[in-house]
Each structure stands twice: as C-alpha cells, then as structure tokens.
Amino acid sequence: MTTRKDQAVTRRGGSDTVGRGTDSPSSWGLGDGQAIPWEYAPAPESRDIVQLQARYGLFIGGKEVAPKSEQWFTTIDPSTEEPLAEIARAGLEDVESAVTAARRAFRRSWGELPGRERAKYLFRIARILQERSREFAVLETLNGGKPIKESRDVDVPLAAAHFWYYAGWADKLEYAFPGRPNPKPLGVAAQVIPWNFPLLILAWKIAPALAAGNTIILKPASSTPLTALLFADVCRQADLPAGVVNIITGPGEIGLALVSHPDIDKVAFTGSTVVGKTIGRALAGSDKALTLELGGKAANIVFDDAALDQAIEGVVNGIFFNQGEVCCAGSRLFVQESIADEFIGRLKDRLSTLRVGDPMDKNTDVGAINNAAQLAKIEELVEAGIAEGADIYQPACELPARGFFVRPTLFTNVAQSSRIAQEEIFGPVLSVLTFRTPDEAIEKANNTAYGLSAGVWTEKGSRILAMTKRLRAGVVWANTFNRFDPTSPFGGYKESGYGREGGVPGLLAYLDTGEGH
Amino acid sequence: MAARDPSGVAPARIPVRKTYKLYVGGQFPRSESGRSYVVRAADGTPLANAVRGSRKDLRDAVRTARGAFPGWDAKTAMNRGQVLYRVAELMEGRREQSEAEVAAAEGLSIEAAREQVDRSIDRWVWYAGWADKITQLLGTVNPVGASYFDFSFPEATGVVGVVAPESSSLLGLVSRLAPAVVGGNAVVVLASEGRPLPAVTLSEVLATSDVPPGVINILTGWRRELVPILAGHMDVNAIDAWGVPFEMRQALEESAVENIKRVARPPRGDVERFDWLDDARAQRPEWIAAFLETKTVWHPIGV
C-alpha cells in the first residue's frame, strides 16, 4: 500500500482511490471511510497482576522440570515484539518422560479414582480459574495479541465454564450414553492445540478428558505457551495428583512426535487442515482414537428481510472477533443482491469505527496478529485478492509502529473461485459475494472443502430452519454468530475435521463405551 | 446442647444456646403462633425447642416461594449449578455443627454422622452438576412426519412442597431437596418432625449461600397439622411425599387431586429403611424429572 495510514483505502479494478469508500449514505452521518472525529483516551489494562518467570520449564509429573534437550526458545508479545520469557523446547526424551508420567498417573491414581472425587478436582480447577481470571486474561492478551476485552469477557470465563460443565459429568458418565452404562477412559491422551485461543482450547481439551478419567500430555502452540504454563500452577493449587496433566512446549515436530508415541491412546488436535492430515497419516494403522478440529471458511448468509443493524454487528463480530483468527470465522459474506449496496455501505461505515491497536487497551476491537508468519500469510492473501481482481476496502486507522498488525479488510466483487473465497485466511479479511435465491446461497455456501460453521440472517424462522438443514456445516448460527458454550457441541463436517467438542458428544471422544464405533 | 452437670454447679462459662427458627424468604421468623415443641435426641435427652409452625406460617412460605420462583427459574442452568455448588462449599465449612446434630438426632457415632454429612455435601455437588445436563438427558428433537422442527425440553413445574424423610434428618432431606431445586422450582420443606435440628442448621447455611431468598423455605412442626394444608394448597404444583406417614398418604393424594398436584412417592417398601448412603439408589436424575414439565415446540421449515 502506498496510501497514508490515516486514510481509508479503496481500490477498484487496479485504480487507487483514497478517502471515500462508497457512495451510499452513512448511518453515522459522517463521510464513509472517515475516522470517527473524536479520540478515545487510552484505557490500558495494567499488566502488574502477571508475575512472569524469566524461564519456564516443562510441567511433567506435577513438577516444573528443565528440558533434557537443554534447549530454550523465546516467547514474545506480538503487539510489541518484546520478549516475555524463555520457554523450554522439549526434545524426544522429554516426550518420553511426559508419556511415562501420564501413564503412571493413569495406572496409579486417576484411572481408579471414583468419578465423584474426580468431579471435585475439576470443580476446584473451575473455581481457581474464576478466582484468577484477571491474571489469565492479562497473560492471554500479552502473549497472544487478542484484545483484553475478549480474553477477559470470552476466553477466560468460557474456559472456566468448560471445567465447570465437565466436572459435573465426571460422576454421571453412566447417564451420558443410554444403553452404554459402563464407559471407561481411553488412557493417556495427547492434545495439541493452536495459538488463537490458547487457554480456551486447553479447557476444551483437558476438561472432558479428565472428566472421563484420562491423563494428559498437552502441547500448546509454540507462540502462546504462557497461559498453559500458568494453568500448570492451577493444577498444583488444586492438588491435582502428579502426572494427571503434563504440559510440554516446543515446535510442531514435537507435537508430531508426541502424537506418534506408541503409548498414547487418544489424540486430539485443533489446528490447520494441513497439519490435521499429517497427524491422520501418522496415526494410520494404530489403535489410537483421533479427533480433529480443523480449518473453516464459514459462509454468513444475509437475506433481504434480515434485521440489518443486527446483521451488521453479527457479520463484523463474525470476522473481526479475535482478528479473524478463528477457525469458524464468518470469512465469506453472502448478501442477497437486492440489499447488497446498502448492506456493504453500512458495513464499511461500521468498519471505520473499529479500533485497531494495543490489545491491552480496553477499547480495542482488533488487536495484534499472533505471529509474523501469520501476518505474512494474511498479507500474501490480501495481495492475491487484489491481483485476482476483487475490490479492496480498508478503513482509515493508525497502526502501531511495532508489532504484527493489519487493517480490517473487506473485499467486494469476489469471484467464487478466488483464493480469498476458497482458502482459510485466518485474519481480519472479509470476502463479500452476492446471491439471488436461497438455492444459490446454499450452492455457493457449500462450495468449499470445509464445513465448520455457517450463519443465516433472516427474520423468517421457517427459512432459518430450511437453510440450516441444507448447510453442510457442524455449527449454524441463526441471527447471531461466534457463540460458544460448554453444553453446545462444536466441530466440523468435511475437511473441517471429525469429532465434537462440548456437550455430550465432547465426552464421547474420551471414552471407551465398549461397543466400538 | 451442653450436657447437664449433675453436681448442680454452674460451669465457669455458660454457653450461648441457639434458637432454632423457621426459614422463610431468607429470614428466620418464629412462628406467628408463638408455639414450640421439645426436640429430643435419639436417647430421649431434650436437645432444644423447635418452632411448631402453623398453617399460616405454611401459607406465608408458599406465597414466598411463588414469588421467588420466576427469578430462580429464569437463571441460566449453569448459574443454578454454581449456586448449588456454593451450598456444598459452605456446608463443608460448618460440618462440625451438622455432625454433632445428626449424631444426637439419629443416635449415630460421630464417625457415622460424619459420613452422613460427607455424603450430604457430595450430593449437593452431584445435583449441581445436573443443572446444565438434565435438559440434555430429557430433551429431544422429534422427527415428526411433516416439515416441522419439533423439539421437547423440560421446564420447572413451579412451587414444590417437600415433606422430608422422617428418620434421615440431613442426608435424606438433602437427597430430596436438591433435585427439586436444581430444575428451577421453588420449594417449601417440612423438616423431619422428630429430628428437625439439622434442617434448621442447613437453613443457616442456605441463608449465607447464594440461594436467592424464598427459593428454599424450611418449616419445622407437626406433620398432622401441616401436611394436609400443604397437600390442599391450591398454589402448590407438586408435593414430595417421601416423608409422609403411610396412614396420611391416601388423604394427601385426595387433596392433591384438587389442583392436579404432581405427587412424588418413594418406591414400595419401608422408606424408613431406605439406604440414603447408596449412591446408585439415593441420587437419581429421575428425581429431578419428577418436578419438571415437558414442553414441546413446533416450528415450520421452509423458505
């Protein structure tokens, strides 16, 4: 981009224009694409509540241990690129120790503990997460780049809620699956999780696994290890028996070594479809149980009878929540043709009010991209969108000089075959397409290898249900988007993965009900 | 409850005894009737005076429960679960008093009384966990033979009268009270007539917990006075008859018919010998379901 940072960017058919985004009237009474003409005072959250160690070892057998590999790497704050701490880089010997500790804990304590007592440990963990919520929220934002208001209001409370919900299942497993009254834990579970919701996905993985009676080795993403390592301290505070939860840190290949270890009974992975397939190949022929929660390219479908203000908010939340680094992000918007111009105009207005910047600022809507590689990928796909002839719009906003930031981006005139309509960008980039009939919307929405989530916006209930039935996606939100709850199963169709997390099906992924499957 | 000194010499410090009162609307009134009765330990020793609640006290309690029902029912399931779990947290902190009262009332050793209290606490935890799961167990999506989305889910029935088991003064009470409350009902409890003190101490735990005032109301008194009033009350939706003496059962059921009360009854056999320590029998999701209605919703599907 050659444009000034404080002006909106629009580019149509290769010609640059600066300043005005659209000709439609603005609901704010302001020129489109102009920044709101008042300034917010900074409202930074204090980071004092977080006491960072200089170095973090591995959490194996209930203790923090130095890596046998004797290797370390640095974890940073993506909004400043400043180092935060040194993190152990686990080697193969460390994987071995972790698996041994988990196996021993499964045999000696956890696997035999009555569900009634397991439940109480999980309730303790839920309570400690609630008690230390501020600390977790601040650390999550420091290490991950997401806005503090999101880690504070979404990630941390939902993580606690997941432990809460599954705590209550630990002593009720005989009721979970009618006709299968004697479910058993699988054994030792290896769990590999991504950097977009480090604590929340940790909770999605660990809570049902422990409730079902398994022991765990968890590997957080290499760019976001800190809340997982703070969670190790929660396990200690809860007096969880040693070895029930083990946390090892390191790059992707350590995750692959972990899931490939012969003494693992269950593998759960959340991340990209490419890596999911690699894991699937590595496990082929083994008896390991596997669940995969992979990428997505969700369609958000807006009909002409939708409540437009509500739909605008939902579409914006759908793609800019967590900088769009969400597997179920509503990255493809399908607007009914009759309202497309008005809707896109309003959308641009709304984009111009998003506050991009310091994730620790309580007013920030869009924070930092998690890591440099991801920023490069987003920028590459944005360039590809322009090269393939789509029209780009980015609102005026000042980006911080350091850190990994990108402007909220909207593409119109996007071809169905364009890379930005087919590939998961995992960033704050929305591709807008149009449709005329419900059949056309379904055809286009389902025309992707993914099938994680979708959204439908209409005031007509019967239409919601008809669309829901035909959308090939694991979660469909109607007149809302990006809602999560521990009681509600989440997971994908097609290449978005298999298995579900949350609700009763989330429990099944960690149980042997004796019936095969 | 201090033992009497036969020598007649006053001890150096006179203990302050507790007044055992009713628990209605989050407060501890005495009976408007001004009556009480003597509560004795299993060995016949007098323990304390308990309030002999009147029919007016009972009607006040039902009115209070009705007022508290909508707010409790409207809370999210997870929230109700957290509130029940908090009861367990607070009971754990006051367990010595409950142990002493259960031991005296039921003639148990302190170890046996401790087990009763342990399991009472664990039972609150067990039912707390059901708050956000019972709908998943009982709810259904019904594949009707036409283009409709049709689903059924449980909802609280309203105000429930719980006549607590007579002999198991704490564990029996908690085992019947928690399933009625967790589903969103507001409850009026008639405590064990002969062994009411653990129930009154439980009410003191409830008063400092997060259970909203009026959601659980606990009365002490005579069954033969109070059960007929509860059974005939037109604003009570359901009645838990586990603690109703056998000879009162038929009259209770006849009164209950007047406003089609749901009546939860114990399995056949001697309820006084029911083993409340047997988790497999004494904590059941069906006991939650007994105080729930099923609602079915139909909605057309079509563009």
Side-chain angles (χ1 to χ4, degrees), chain A residues 114-124 126-127 130 157-158 160-178 181 211 303 305 437-442 456 458 460-470 478 485-489 502-507, chain B residues 76-89 92 118-141 143-144 146-151 153 178-179 182 277-280 282-289 297-303:
Chain A
R116 180 175 80 200
E117 309 305 326
R118 278 206 313 276
K120 285 189 273 191
Y121 280 115
L122 288 168
F123 278 120
R124 277 189 191 173
R127 284 299 208 208
Q130 289 175 327
L158 263 179
H162 269 265
F163 279 99
W164 189 273
Y165 175 75
Y166 282 109
W169 272 124
D171 53 9
K172 301 177 182 68
L173 298 177
E174 67 270 34
Y175 296 105
F177 306 100
F303 283 94
D305 72 338
T437 64
D439 283 344
E440 185 187 349
I442 290 287
V456 180
T458 166
K460 200 174 169 195
S462 57
R463 177 179 280 162
I464 288 172
L465 293 166
M467 295 296 287
T468 302
K469 215 162 189 162
R470 297 171 66 196
D485 191 278
T487 67
S488 178
V504 184
L507 209 50
Chain B
T76 66
M78 184 201 173
N79 195 192
R80 283 200 306 273
Q82 293 200 63
V83 169
L84 261 64
Y85 182 82
R86 177 105 177 120
V87 175
E89 290 182 342
E92 191 85 65
D118 282 347
R119 303 299 273 283
S120 301
I121 296 169
D122 288 357
R123 209 139 280 176
W124 282 111
V125 173
W126 196 77
Y127 280 107
W130 273 117
D132 52 11
K133 297 173 188 67
I134 191 72
T135 304
Q136 296 185 311
L137 201 70
L138 302 177
T140 54
V141 174
V144 294
S147 191
Y148 289 91
F149 182 62
D150 181 302
F151 58 104
F153 57 94
V182 68
L277 291 172
D278 179 358
D279 281 350
Q283 51 182 31
R284 305 287 313 169
E286 297 90 328
W287 294 4
I288 308 173
V297 179
W298 291 66
H299 193 297
I301 299 174
V303 294

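In what follows, every heavy atom counts, from backbone to side chain, and hydrogens, waters and symmetry copies are set aside. Here is the naming used below: chain letters follow the sequence lines, and residue numbers restart at 1 for every chain.
- A 4.5 Å side-chain heavy-atom check between Lys172(A) and Gln283(B) finds every atom pair outside the cut-off.
- Proximity to chain A involves both the backbone and the side chain of Gln82(B), based on heavy atoms less than 4.5 angstrom apart.
- The side-chain heavy atoms of Asp279(B) and Arg116(A), taken from C-beta on, include a pair separated by under 4.5 Å.
- Only the side chain of Arg119(B) comes within contact range of chain A, judged by heavy atoms closer than 4.5 Å.
- Residues Trp164(A) and Asp132(B) approach most closely at CD1-OD2, 4.4 Å, considering heavy atoms.
- Around the OH atom of Tyr148(B), the shell of radius 6.0 Å holds no more than 12 heavy atoms that belong to other residues, nucleotides or ligands.
- Minimum interatomic distance between Val303(B) and Pro438(A) (heavy atoms only, all atoms of both residues): CG1-CB, 4.0 Å.
- For chain A, the nearby part of Asp122(B) is the side chain; its heavy atoms alone come within less than 4.5 Å.
- Using a 4.5 Å cut-off between heavy atoms, Ala126(A) does not touch chain B at all.
- Applying the ring pair (Phe, Tyr, Trp, His ring centres under 6.0 Å) rule to Phe303(A) yields the partners Phe435(A); only residues at least two apart in sequence or on another chain are considered.
- Contact of the Arg127(A) side chain with the Tyr85(B) side chain is registered, since non-hydrogen atoms from C-beta on lie closer than 4.5 Å.
- Residues that satisfy the ring pair (Phe, Tyr, Trp, His ring centres under 6.0 Å) test with Phe149(B), not counting sequence neighbours, are Phe151(B).
- Between the side chain of Lys133(B) and the backbone N or O of Tyr165(A), at least one donor-acceptor pair lies under 3.5 Å.
- Judged purely by atom type and a 3.5 angstrom limit, Gln136(B) uses its side chain to pair as donor or acceptor with the backbone of Thr487(A).
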